Amino acid sequence: MKPSIPRGTRDFGPAEMQKRQYIFDIVKANFRLFGFAPIETPSMENISTLTGKYGEEGDQLIFKILNSRIHESKEDKKEELRQEFDASIQRPYNTELLTEKALRYDLTVPFARYVVMNHNKLAYPFKRYQIQPVWRADKPQKGRYREFYQCDADVIGSDSLVNELELLSMMDKTFHELNIPVLIKFNNRKILSGIAEILNSSDKIIDITVAIDKLDKIGKDGVIKELAEKGISPESIEKLKPLIDLSGSNEEKLKVLTQFLSHSEIGKKGIEEIYFLLDHLRTIAIKHATIEMDITLARGLNYYTGTIFEAKANAGTFTPSILGGGRYDDLTGIFGLKGLSGVGISFGIDRIYDVMEELELFPESINKSSTTKVLLANFGKAELMHCLTLASKLRTAGINAEVYPDVVKKIGKQFEYADKKQIPFVGVIGSNEMEKNTVMLKDMSAGTQEELNHDQLIARLK
RNA sequence: GUAGAUGUAGCUCAGUUGGUUAGAGCAUCGGUUUGUGGUACCGAGGGUCGAGGGUUCGAGCCCCUUCAUUUACCCCA
């Protein structure tokens, strides 16, 4: 049998893990620096926890888990199961008779569930980070996987826009440390709601923003055509024209918007919030990222209600969104806990990896498959035991060391192993060295070697 | 869902209008070298050409079906 893995999933070898870990470490360090504490939640949730939170399209991308041991059901139940199975082939959902559990689709909804279940134990505002895989039953493509990691940081129980500022600052710092030139776009759902209010078509707001978002790709006429196809009235399209044409600096765009939304309370609130963020960007000293307001930024997840964020690499040809996030006023409400506002972001580490790979941003030092500093090569059983003692001495000194565990005919094999694993030094211990209590240390890249006693060896490798 | 591309050795891929025993590089193993890898040279093993059917004297190549992978649209990290 030829082995394979499910599509949209990947194995990660040591060399890839080294680089992935590098990203995780930087992200995690920044989460901690900004006061976020870690939690983890189960890979699977009750399906009722997840459905209805991600919009119609999102719901269909949830990976469902078939109920276990259905073969043990009583006979009358089996008939019911059969009917449900037949029915579920005809429609895009099935009941909990077949599926009670599902793999998590993101980390935000499980977080909301966690907050509700642990309400009395938490100190608000509660700041948590969470780095775990999520699963989506999407069709895989470049930069789109069925299993991928999200790195979330959310603060819940505070409606202050200072949280948004802190998150912006954290994004800037993190991407700076990763050395990724980044464009952070932000918008406010209240503005989108305002636009819908003015046009009197709140149900079409997603269609409208999606259409406007395509301006770059299909041009102004294309956008207008798409709006018409989505059932937007000609009068509304006429009204929208200044927004389609929106360009210039953040200030110029806001001026147009302010006028457009002058009769929408919620729209005006959105503008106020955006001004707050823009006014204080200087305070938080964004050093690296380009920050841009973009009223076409909509984001699919339907729980966002305020600020929304998205980041893309600002270089290269492969520029998928590598971070998303936003504010949700009432995510815990559906789980019965009202009045907790939250805001959070999610780094998409798999795409960050792909982008960094394309732009060759991984530092040389981590670009190898092993962290071993020295391999102790041996010539026989007695030498091998001697190596073990020396290895533990090296490790006590904090030097990553490994011992070649087999006694082999050709010593070259051990050098070959070190070479393949890119181990920089090989310590050779034969009977000569053992007698003198020394090591013949070879520098693998230079090809040179010198005989050292144990103290010299440690000093040399430190 | 819609459209395109690709399936040949463990991996990456060649393979001429259809014509003897299907090739290369890398990897593996052995040797040149029984105290030295990466470089060089010599040799070896390894294939139901994704699967099934059809056309033909003859199919890796043409036709049909099917499965898998992949890219784009939609949406998203």
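Every chain is numbered from 1 and lettered A, B, ... according to where its sequence line falls, protein lines coming before strand lines. Treat the numbers as computed from the prediction; the structure is a model and nothing was measured.
- For B:U34, its base never sits under 3.5 Å from the side chain of A:Lys410 at any donor and acceptor pair.
- If you check distances only, the side chain of A:Lys442 does reach the base of B:G37 with a donor-acceptor pair under 3.5 Å.
- Per the stacking criterion (ring centres < 5.5 Å, plane angle < 30°), A:Tyr145 does not stack onto the base of B:A77.
- Looking only at atom types and distance, the side chain of A:Thr438 has a donor-acceptor partner in the side chain of A:Glu451 under 3.5 Å away.
- Per the geometry, CG belonging to A:Leu103 stands 18 Å off P belonging to B:A77, to the nearest Å.
- Distance noted for atom C1' between B:U20 and B:G15: 16 Å (whole Å).
- A donor-acceptor pair under 3.5 Å links the side-chain atoms of A:Glu16 to the main chain of A:Gly13, judged by distance alone.
- In summary, the side chains of A:Tyr145 and A:Asp354 do present a donor paired with an acceptor at a separation below 3.5 Å, with no hydrogens or angles considered.
- Between the base of B:G38 and the side chain of A:Asp419 there is no donor-acceptor pair shorter than 3.5 Å.
- The interatomic distance linking A:Leu61 (CG) with B:C74 (P) rounds to 15 Å, in whole Å.
- With the nearest nucleotide of RNA chain B identified for both A:Lys142 and A:Tyr149, A:Lys142 has the one nearer the 5' end.
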- Query: Taking only Watson-Crick and G-U wobble pairs with both distances under 3.5 Å, what dot-bracket line describes RNA chain B, where [ ] shows pairs that cross earlier ones and | shows pairs with another strand?
  - Reply: (((((((..((((.....[...)))).(((((.......))))).....(((((..]....))))))))))))....
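- Rounded to an integer number of Å, the gap from CH2 of A:Trp135 to P of B:A77 is 17 Å.
- Atom CD of A:Gln414 is separated from atom C1' of B:U34 by 13 Å (rounded to the nearest Å).
- In terms of phosphate contacts, A:Arg7 brings a side-chain nitrogen or oxygen within less than 4.0 Å of OP1 or OP2 of B:U69.
- Residue A:Leu375 contributes atom CG, which lies 14 Å from atom P of B:G37 at whole-angstrom precision.
- With ring centers used as reference points, A:Tyr353 lies 6.0 Å or more from A:Tyr22.
- Judged purely by atom type and a 3.5 angstrom limit, A:Arg136 has no side-chain atom pairing as donor or acceptor with the backbone of A:Leu61.
- For A:Glu433, whose side chain is taken as the heavy atoms from C-beta onward, the closest listed nucleotide among B:A27, B:A77, B:G35 is B:G35.
- Side-chain proximity of A:Lys420 to the nucleotides B:A77, B:U28, B:G37 is greatest for B:U28.
- Atom CD1 of A:Ile274 sits about 5.5 Å away from atom CZ of A:Phe186, to the nearest 0.5 Å.
- B:A59 and B:A72 are spaced 33 Å apart, taking the C1' atom of each and rounding to whole Å.
- Here the nucleotide nearest the side chain of A:Met440, chosen from B:A27, B:G35, B:A72, is B:G35.
- Interatomic distance, A:Glu450 CD to A:Leu457 CG, rounded to the nearest 0.5 Å: 9.5 Å.
- Remark: P of B:C76 and CD of A:Gln60 are 14 Å apart, rounded to the nearest angstrom.
- Within residues 15-52 of chain A, no residue places a heavy atom under 4.0 Å from RNA chain B.
- Between the side chain of A:Asn46 and the backbone N or O of A:Ser48, no donor-acceptor pair lies under 3.5 Å.
- Within 3.5 Å, no donor on the side chain of A:Arg136 pairs with an acceptor on the base of B:C75, nor the reverse.
- No side-chain donor from either of A:Asn400 and A:Thr372 sits under 3.5 Å from a side-chain acceptor of the other.
- The base of B:U36 has none of its N or O atoms less than 3.5 Å from a complementary donor or acceptor on the side chain of A:Glu416.
- Put simply, the side chain of A:Arg146 gets close to the backbone of A:Asp138: a donor and an acceptor are under 3.5 Å apart.
- Rounded to whole Å, the C1' atom of B:U36 lies 25 Å from the corresponding atom of B:A44.
- Between A:Lys413 and A:Gln449, the one whose closest nucleotide on RNA chain B sits nearer the 5' end is A:Lys413.
- Judged purely by distance below 3.5 Å, without hydrogens or angles, the side chains of A:Tyr129 and A:Arg32 pair a donor atom with an acceptor atom.
- Residue A:Gln141 places at least one side-chain N or O closer than 4.0 Å to OP1 or OP2 of B:A72.
- As a whole-Å value, the separation of A:Asp59 CG from B:C75 P is 17 Å.
- Judged by distance alone, with hydrogens and angles left aside, A:Lys139 brings no side-chain donor or acceptor close enough to the base of B:U70 to form a pair under 3.5 Å.
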